[in-house]
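Below, each value reflects all heavy atoms present in this structure, side chains not excepted, and no hydrogens, waters or symmetry copies. Each residue takes its place number in the sequence, starting with 1.
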Amino acid sequence: MITSKTALLSLLGLTLLSSASVHAGAAPQTPMQLSATPISVYLDGQQLQPEAPPVNINGTVLVPMRGLFEAQGANLAWDNTSKTLTATKGNTTLTYTIGSATARLNNQTLNLAVPGRLSQGYSMIPLRFISEALGSTVSWESAAQSVIISSAAAYDTSVTWGVNLRSTPDSGSEDTNLALLPSGSKIHVIREVGALWLEVRTEDNITGYLSSKPKYTDYRSDSLLQKQGEALIAYGKKYLNTPYEFGASPDQTDTFDCSSFVKRVFEDTLSIELPRVSYDQALEGKEVGVDELRTGDLLFFTARGLDIGHVAIYAGNNQLLHTYSKELGVHIEDFDSQWKKRFVTARRIL
């Protein structure tokens, strides 16, 4: 939290694309126009879904007020007559009248680079100003047209295996290494970067990227797990039509049987090492019901006179990714009645 009025004015005066000083007095009402590329807003790694699309006015992004306040844990009161909002979060009280070039933060008067305004029935307010007034930090990713909000950091994610903190989400070069985070380190997750990376901040205020593979941290979210399940399927599809061979060696990819295929997909994609055979794989993770299936779950079936003799990866949309036939090799097919008759259990590894 900012304690110096001068520092606060400097910080809140920044816009997303410019560090120019703010000006007192009401700014001209520049027409609001949507960006050619839609603007995405992320709070602590989760994408927000505002009631109306964000707009960019000369480098300042405006968004509907209610969702922005509530997402950051502030209580909001609205006076419709005066078009004045009062937001409280802990010891912070922010008061602002739509259209004004100033706001009150506790006992301080602050200038806005671009005033809030009404548009299509929504009260649109400057995202950076409001977020930083509530103690969050804000950054702008021009290439992705994304606003990244990090709330007053809670370092509640633990590193569970020593992992490199990198300057970019890329493990291909040692030049990207910023630090080695040992097991037990605490980090704040800013956002998820696809299925395999997290943007994080360390307790000594270094921001970078680290692997989101399950072995490295205890961070989990529904959105990340869905992305990782989809990554498993995308990787497995690279082997479509690869020949089936019972007892195929897990050390090669020219042929697969059902369990060597599953083992390879999980290890190569997420560095998860599963047992070699299906009946041992069925002991991993946790059991889930057939009505709870999520992309990436493992399904086990009777086969060859065994209680569990076959395994498949759930590919979403009631489909299975697996191999068991020399004619078909690795393929996708429906999880239909013939398979449901042989179904034994489903296990969630992620």
Side-chain angles (χ1 to χ4, degrees), residues 171 194-197 211-215 220 222-350:
S171 60
L196 300 177
W197 293 94
S211 172
S212 65
K213 293 179 180 180
K215 70 182 288 185
R220 305 290 185 271
D222 289 343
S223 60
L224 179 63
L225 296 176
Q226 181 65 30
K227 292 172 189 173
Q228 291 182 336
E230 292 168 356
L232 289 170
I233 300 304
Y235 182 80
K237 285 181 176 179
K238 294 180 179 181
Y239 294 109
L240 288 176
N241 303 315
T242 299
Y244 173 84
E245 179 189 9
F246 180 74
S249 169
D251 298 326
Q252 50 82 46
T253 59
D254 293 332
T255 60
F256 294 111
D257 65 13
C258 65
S259 53
S260 73
F261 173 66
V262 167
K263 179 177 173 63
R264 168 67 64 170
V265 169
F266 272 77
E267 187 167 345
D268 285 0
T269 307
L270 297 176
S271 299
I272 295 174
E273 295 189 19
L274 293 175
R276 170 62 183 87
V277 295
S278 58
Y279 49 79
D280 286 333
Q281 292 174 353
L283 302 176
E284 299 293 307
K286 68 175 183 179
E287 186 172 17
V288 293
V290 71
D291 57 343
E292 305 174 87
L293 292 175
R294 184 172 65 203
T295 303
D297 289 342
L298 295 184
L299 284 73
F300 296 89
F301 305 89
T302 59
R304 305 189 314 280
L306 300 173
D307 290 340
I308 292 179
H310 180 65
V311 59
I313 307 173
Y314 186 65
N317 298 320
N318 204 46
Q319 292 188 314
L320 306 175
L321 174 63
H322 58 169
T323 184
Y324 59 85
S325 161
K326 290 185 177 180
E327 291 74 24
L328 297 174
V330 175
H331 66 285
I332 290 179
E333 66 178 292
D334 290 338
F335 181 27
D336 58 16
S337 58
Q338 68 161 327
W339 287 106
K340 289 179 178 177
K341 287 178 183 177
R342 296 167 52 190
F343 174 74
V344 178
T345 188
R347 306 291 293 188
R348 179 160 295 162
I349 306 300
L350 299 177

Can you confirm whether K326 is buried at NZ, in the sense that more than 12 heavy atoms of other residues, nucleotides or ligands lie under 6.0 Å from that atom?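 Check fails, neighbour count at 12 or below.
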
Inspect the surroundings of CG in D280 and state if more than 12 heavy atoms from other residues, nucleotides or ligands are less than 6.0 Å away.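 Yes, enclosed.
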
Are [X] and [Y] side-chain neighbours, meaning at least one heavy-atom pair lies under 4.5 Å?
X: N241; Y: V330; result: no
X: R220; Y: P214; result: yes
X: Y244; Y: L328; result: no
X: Q319; Y: E333; result: no
X: L298; Y: I313; result: yes
X: V277; Y: V311; result: no

Residue pairs fulfilling ring pair (Phe, Tyr, Trp, His ring centres under 6.0 Å) with at least one residue in residues 259-284, sequence neighbours excluded: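 Pairs touching residues 259-284 that pass the test: F256-F261.
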
In terms of relative ring orientation, are H331 and Y324 parallel, tilted or perpendicular, with 30° and 60° separating the classes?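 Because their plane-to-plane angle is over 60°, the rings of H331 and Y324 count as perpendicular.
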
Sequence neighbours left out, what passes side chain to side chain contact (heavy atoms under 4.5 Å, CB included) with K340? Give chain and number order.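 Residues passing side chain to side chain contact (heavy atoms under 4.5 Å, CB included) with K340: N318, F335.
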
Determine the minimum heavy-atom distance between P250 and S260, stating which atoms define it.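 In terms of heavy atoms, the two residues are closest at CA-CB, 4.4 Å.
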
Closest contact, heavy atoms only, H310 versus S278: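 Distance-wise, the nearest heavy atoms are N-OG, 3.7 Å.
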
Please list, chain by chain and in numerical order, all residues satisfying side chain to side chain donor-acceptor pair (under 3.5 Å) with T242, sequence neighbours excluded.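 T242: no side chain to side chain donor-acceptor pair (under 3.5 Å) contacts found.
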
All N/O donor-acceptor pairs, side-chain side in residues 341-350, below 3.5 Å, sequence neighbours left out:
{"residue": "R342", "atom": "NE", "partner": "T302", "partner atom": "O", "Å": "3.1"}
{"residue": "R342", "atom": "NH2", "partner": "T302", "partner atom": "O", "Å": "2.9"}
{"residue": "T345", "atom": "OG1", "partner": "E287", "partner atom": "OE2", "Å": "3.1"}
{"residue": "R347", "atom": "NE", "partner": "A282", "partner atom": "O", "Å": "3.3"}
{"residue": "R347", "atom": "NE", "partner": "E284", "partner atom": "O", "Å": "2.8"}
{"residue": "R347", "atom": "NH2", "partner": "E284", "partner atom": "O", "Å": "3.3"}
{"residue": "R347", "atom": "NH2", "partner": "G285", "partner atom": "O", "Å": "2.9"}
{"residue": "R348", "atom": "NE", "partner": "D297", "partner atom": "OD1", "Å": "3.0"}
{"residue": "R348", "atom": "NE", "partner": "D297", "partner atom": "OD2", "Å": "3.4"}
{"residue": "R348", "atom": "NH2", "partner": "E292", "partner atom": "O", "Å": "2.8"}
{"residue": "R348", "atom": "NH2", "partner": "D297", "partner atom": "OD2", "Å": "2.9"}

Starting at CG of L320, measure out to CZ of F301 and round the result to the nearest 0.5 Å.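 Nearest 0.5 Å value for the CG-CZ distance: 5.0 Å.
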
Could you measure the distance from the CD1 atom of I233 to the CG atom of N317? Nearest 0.5 Å is fine.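 Rounded to the nearest 0.5 Å, the CD1-CG separation comes to 10.5 Å.
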
Show every donor-acceptor pair shorter than 3.5 Å between a side-chain atom in residues 268-276 and any protein atom, with sequence neighbours excluded, or say none if there are none.
{"residue": "D268", "atom": "OD2", "partner": "Y235", "partner atom": "OH", "Å": "2.5"}
{"residue": "D268", "atom": "OD2", "partner": "R264", "partner atom": "NH1", "Å": "3.4"}
{"residue": "T269", "atom": "OG1", "partner": "V265", "partner atom": "O", "Å": "2.8"}
{"residue": "S271", "atom": "OG", "partner": "K213", "partner atom": "NZ", "Å": "3.3"}
{"residue": "R276", "atom": "NH1", "partner": "D257", "partner atom": "OD1", "Å": "3.3"}
{"residue": "R276", "atom": "NH1", "partner": "S259", "partner atom": "OG", "Å": "2.7"}
{"residue": "R276", "atom": "NH2", "partner": "A248", "partner atom": "O", "Å": "2.7"}
{"residue": "R276", "atom": "NH2", "partner": "D257", "partner atom": "OD1", "Å": "3.3"}
{"residue": "R276", "atom": "NH2", "partner": "D257", "partner atom": "OD2", "Å": "3.0"}

How far apart are the C-alpha atoms of L225 and T295, what are their side-chain angles, what is the distance that settles it, and do they pass the side chain to side chain contact (heavy atoms under 4.5 Å, CB included) test? CA-CA 9 Å; L225 296 176; T295 303; over 6 Å; no

Indicate yes or no for a side-chain donor-acceptor contact from S212 to the backbone of W197 under 3.5 Å, with no hydrogens or angles considered.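 Answer holds: yes.
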
Are the side chain of Q252 and the backbone of T255 linked by a donor-acceptor contact shorter than 3.5 Å?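 Yes; at least one donor-acceptor contact below 3.5 Å.
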
Sequence-distant partners of D336, salt bridge (Lys or Arg N to Asp or Glu O under 4.0 Å), two or more places apart: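 So D336 forms no salt bridge (Lys or Arg N to Asp or Glu O under 4.0 Å) with any residue.
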
